[in-house]
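Below: the structure, in structure tokens.
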Amino acid sequence: MRQQILLSGVGGQGILFITRLLAEAAIYKGFPVLTSETHGMAQRGGTVLSHLKVGPFTSPLIRPGQADGLILLKAENLARHRFFLKPGGWIVVNAPSRPEGAEDIYWIDADTLAEQTGNHQSVNLIVLGCALSRVEQQSKGQHSLFYSLNDVTAVLRQRLAQRERLLNNALHALTLGAEEGK
């Protein structure tokens, strides 16, 4: 198993949280994991970029043209980070509509869905749920992700075991994103 996923958003959106969830899901399945992030101006709404590598890698950073997939919590980051994607890779982006000139990506209006549920902080998990659903559909087992909805759910249950309300909200957001991604 060798996968490289770049995650991008702005400070406060939970990029580091979903990166940790994915890293823990990989560890749970017995895969080696490397992560790295940049978040210098995150507290002021700056871009947060997280690199996730699963498999026998020696460097945590993803080089341009090498990412298997991009998970973008802000549509504006599509132009900034698309160059990381390798040919044939996948993109899931949070956007109110399909970004212009981006027919090859999956999009979900996670901001609106989060607002409708009354949980504005669930955008990250909604987008992650969509990525789980859409990428698995596309791959049909050929280039599937190293993680599944069940893997991420198990990690959430473990991390949030003592926080029932937060766990229920997180599971709802993840499932909502997966359903919308179908």
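Starting from 1, each residue takes its place in the sequence as its number.
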What is the distance from atom [atom1] of [X] to atom [atom2] of [Y], rounded to the nearest 0.5 Å?
{"X": "Gln116", "Y": "Ile126", "atom1": "CD", "atom2": "CD1", "answer": "9.0 Å"}
{"X": "Asn77", "Y": "Leu49", "atom1": "CG", "atom2": "CG", "answer": "8.0 Å"}
{"X": "Arg159", "Y": "Phe17", "atom1": "CZ", "atom2": "CZ", "answer": "5.5 Å"}
{"X": "Asn169", "Y": "Leu125", "atom1": "CG", "atom2": "CG", "answer": "10.0 Å"}
{"X": "Lys74", "Y": "Gln13", "atom1": "NZ", "atom2": "CD", "answer": "5.5 Å"}
{"X": "Thr19", "Y": "Leu128", "atom1": "OG1", "atom2": "CG", "answer": "9.5 Å"}

Distance alone, cut at 3.5 Å: any donor-acceptor contact between the side chains of [X] and [Y]?
{"X": "Arg165", "Y": "Asn168", "result": "no"}
{"X": "Arg80", "Y": "Ser8", "result": "no"}
{"X": "Asn150", "Y": "Thr153", "result": "no"}

Test item: [X] and [Y] side chains (from C-beta on) under 4.5 Å apart, heavy atoms:
{"X": "Leu171", "Y": "Arg157", "answer": "yes"}
{"X": "Ile15", "Y": "Glu37", "answer": "no"}
{"X": "Gln3", "Y": "Lys53", "answer": "no"}

Between [X] and [Y], what is the shortest heavy-atom contact and its length?
{"X": "Leu72", "Y": "Val127", "value": "O-CG1, 4.3 Å"}
{"X": "Ala75", "Y": "Val93", "value": "CA-CG2, 3.7 Å"}
{"X": "Met1", "Y": "Phe31", "value": "CB-CE2, 3.5 Å"}
{"X": "Leu167", "Y": "Leu156", "value": "CD1-O, 3.6 Å"}
{"X": "Ile71", "Y": "Ile18", "value": "CG2-CD1, 4.4 Å"}
{"X": "Trp107", "Y": "Pro96", "value": "CZ3-O, 3.5 Å"}

*Apply the side-chain contact (heavy atoms from CB on, under 4.5 Å) test between His51 and each candidate in Thr38, Leu34, Thr35, Ile62; give the one that qualifies.*
Ile62
Answer yes or no: is there a donor N or O on one side and an acceptor on the other, between the side chain of [X] and the main chain of [Y], under 3.5 Å?
{"X": "Arg134", "Y": "Ile91", "answer": "no"}
{"X": "Gln66", "Y": "Gln4", "answer": "no"}
{"X": "Thr175", "Y": "His172", "answer": "no"}

May I ask whether [X] and [Y] are part of the same hydrophobic cluster, defined by side-chain heavy atoms of I, L, V, M, F, W, Y residues being less than 4.5 angstrom apart, directly or through others?
{"X": "Leu52", "Y": "Phe57", "result": "no"}
{"X": "Leu174", "Y": "Leu166", "result": "yes"}
{"X": "Phe83", "Y": "Leu61", "result": "no"}
{"X": "Tyr28", "Y": "Val54", "result": "no"}

_Can you tell me which residue among Asp111, Thr112, Asn124 is in a side chain to side chain donor-acceptor pair (under 3.5 Å) with Asn94?_
Asp111
_side chain to side chain contact (heavy atoms under 4.5 Å, CB included), that's the test. Do His81 and Thr47 meet it? Break it down for me._
CA-CA 11 Å; His81 304 304; Thr47 299; 3.7 Å; yes
*Is there a side chain to side chain contact (heavy atoms under 4.5 Å, CB included) between Asp68 and Arg2 once you walk through the steps?*
CA-CA 9 Å; Asp68 294 293; Arg2 287 177 61 90; over 6 Å; no
_Over 12 non-hydrogen atoms of neighbours within 6.0 angstrom of CZ in Arg63_ = no
